[in-house]
Number of protein chains: 2
Amino acid sequence: MVDIYFSTHYICGMLINELSKKTGISVHTIRFYEKSGLIEGKQNEAIKSNNYFHYNEVTVDKLAFISDAKSVGFTIKEIGQIIDTWYNKKYTKKQKLKILDDKLISLEQKLKEIKEMKKKIFLLKEDVVNNRC
Amino acid sequence: MVDIYFSTHYICGMLINELSKKTGISVHTIRFYEKSGLIEGKQNEAIKSNNYFHYNEVTVDKLAFISDAKSVGFTIKEIGQIIDTWYNKKYTKKQKLKILDDKLISLEQKLKEIKEMKKKIFLLKEDVVNNRC
DNA sequence: ATCAACCATAGAGCATACTCTAATGTTGTA
DNA sequence: TACAACATTAGAGTATGCTCTATGGTTGAT
């Protein structure tokens with residue numbers, strides 16, 4: 001009988017391979033994100049035979065967010081900023097709100113540009129349909 | 001008195017420096033786009049003393065389009081495809097429509113993702129406002 | 001004890017999209 | 001004719017975001 005409250009898994013969370021499988025992000029890329037400061041694992045002080053990093057569900061959430069944020073065109077730096085408004089004490093409340101408002105503005109801008117591009121492509125399509133080009 | 005109908009400018013359009021000033025895109029970047037196949041200048045057969053390239057208003061339009069298309073996240077390759085549905089005989093009508101439809105679908109997808117990200121950032125902002133993180 | 005499957009770090013390599021430098025030739029105005 | 005301001009090509013360098021390789025140690029099932 002194993003006391004789950006003292007199992008390695010319960011205390012330390014998952015290792016990088018499990019995190020990779022859970023998120024669909026490669027081990028290499030996860031390490032790259034860790035080096036870039038977007039996520040961080042913890043080493044268990046009690047275990048001295050290895051220096052393995054352990055990750056929790058917060059990291060899973062962060063990686064899901066990173067994927068989404070990359071899709072909308074945010075850079076690693078920008079994603080780091082947003083994540084730091086989240087769990088981090090790096091910024092004051094005022095700074096956090098400024099960062100988030102800036103991102104909302106840039107998303108609004110992207111929305112506008114994409115709608116305009118849709119119109120342009122649509123007009124181009126009309127020209128093709130009507131043999132005008 | 002200069003006969004403008006025979007002036008170099010009228011026949012050949014502008015040189016790269018003027019194109020750069022007109023579009024706000026650097027000479028280097030314009031050359032990069034030309035190497036990438038997005039635009040093309042023409043050399044004047046009649047002038048043998050130099051090998052200068054001449055550009056017309058179509059190129060100005062193309063460069064404006066390239067800037068917009070880059071903003072919405074299209075790659076050079078994708079932009080090339082779109083431009084080739086435009087003035088080019090490289091594709092059949094059917095192929096052109098396929099390319100443009102694909103782009104419309106990807107723009108629709110981007111629109112969706114950005115709207116979702118706006119919601120996420122908005123909720124995050126609420127958390128900051130209410131001191132929940 | 002062996003061995004596949006994991007873990008770590010350091011650093012090289014790659015694709016994209018520029019951005020710049022070097023070397024050299026041309027044009028047009030003073 | 002001098003010279004600043006243009007033009008050309010070839011290729012090197014930079015930033016971003018991965019992606020992979022090398023090397024070596026650890027874990028866990030047989």
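Below, chain A is the first sequence line, B the second, and so on; all start at residue 1.
- Along DNA chain D, the nucleotide nearest to A:Lys35 and the one nearest to A:Lys48 differ in position, and the one closer to the 5' end is contacted by A:Lys35.
- Residue B:Ile16 is the one, among A:Phe32 and B:Ile16, whose nearest nucleotide of DNA chain D lies closer to the 5' end (criterion: closest heavy atom).
- The side chain of A:Phe53 has C:dT9 as its nearest neighbour among D:dC6, C:dT9, D:dT26.
- Within 6.0 Å of the CD atom in B:Glu40, the count of heavy atoms belonging to other residues, nucleotides or ligands does not exceed 12.
- One finds no side-chain N or O of B:Asn51 lying less than 4.0 angstrom from the OP1 or OP2 phosphate oxygen of D:dT9.
- For the pair B:Glu78 CD and C:dA15 P, the interatomic distance rounds to 18 Å; values are reported in whole Å.
- Look at CG on A:Asn17: it is 4 Å from P on C:dC7, rounded to the nearest Å.
- The residue A:Lys77 sits apart from the nucleic acid: no heavy atom pair falls under 4.0 Å.
- Rounded to whole Å, atom P of D:dG28 lies 8 Å from atom OH of A:Tyr52.
- None of A:Lys115, A:Lys112, A:Lys118, A:Lys120 except one satisfies the salt bridge (charged side-chain N to carboxylate O under 4.0 Å, His left out) rule with B:Asp68; the exception is A:Lys120.
- For the side-chain contact (heavy atoms from CB on, under 4.5 Å) with B:Ile82, the lone residue among B:Leu100, B:Asp102, B:Leu38 that qualifies is B:Leu100.
- Within 4.0 Å (heavy atoms only), A:Thr75 reaches sugar-phosphate atoms of the nucleic acid but no base atom.
- A:Ser26 comes within 4.0 angstrom of nothing in the nucleic acid, heavy atoms only.
- If you take CD1 of A:Ile30 and P of D:dC18, they are 12 Å apart, rounded to a whole angstrom.
- When rounded to the nearest whole Å, the span between CE of A:Met14 and P of C:dC7 equals 12 Å.
- Cation-pi contact between B:Lys98 and B:Tyr91: absent, since separation from the ring centre below 6.0 Å together with deviation from the ring axis within 45° is not met.
- Between B:Glu57 and B:Lys22 there is a salt bridge, since a side-chain N of the basic residue sits under 4.0 Å from a carboxylate O of the acidic one.
- Nearest-nucleotide assignment on DNA chain C puts the 5′-proximal partner with B:Ile76, out of B:Ile76 and B:His28.
- With distances taken from any side-chain atom of B:Tyr33 to the nucleotides D:dG11, C:dT27, C:dC18, the minimum falls on C:dC18.
- Following rounding to the nearest Å, A:Asn44 (CG) and D:dT26 (C1') show an atom-to-atom distance of 15 Å.
- The distance between atom CD of B:Glu18 and atom C1' of C:dT27, rounded to the nearest whole Å, is 15 Å.
- At whole-Å resolution of the value, CD1 in A:Ile25 and C1' in D:dT19 are 14 Å apart.
- Taking 4.0 angstrom as the limit, B:Ser49 places a side-chain polar atom (N or O) nearer than this to OP1 or OP2 of C:dT27.
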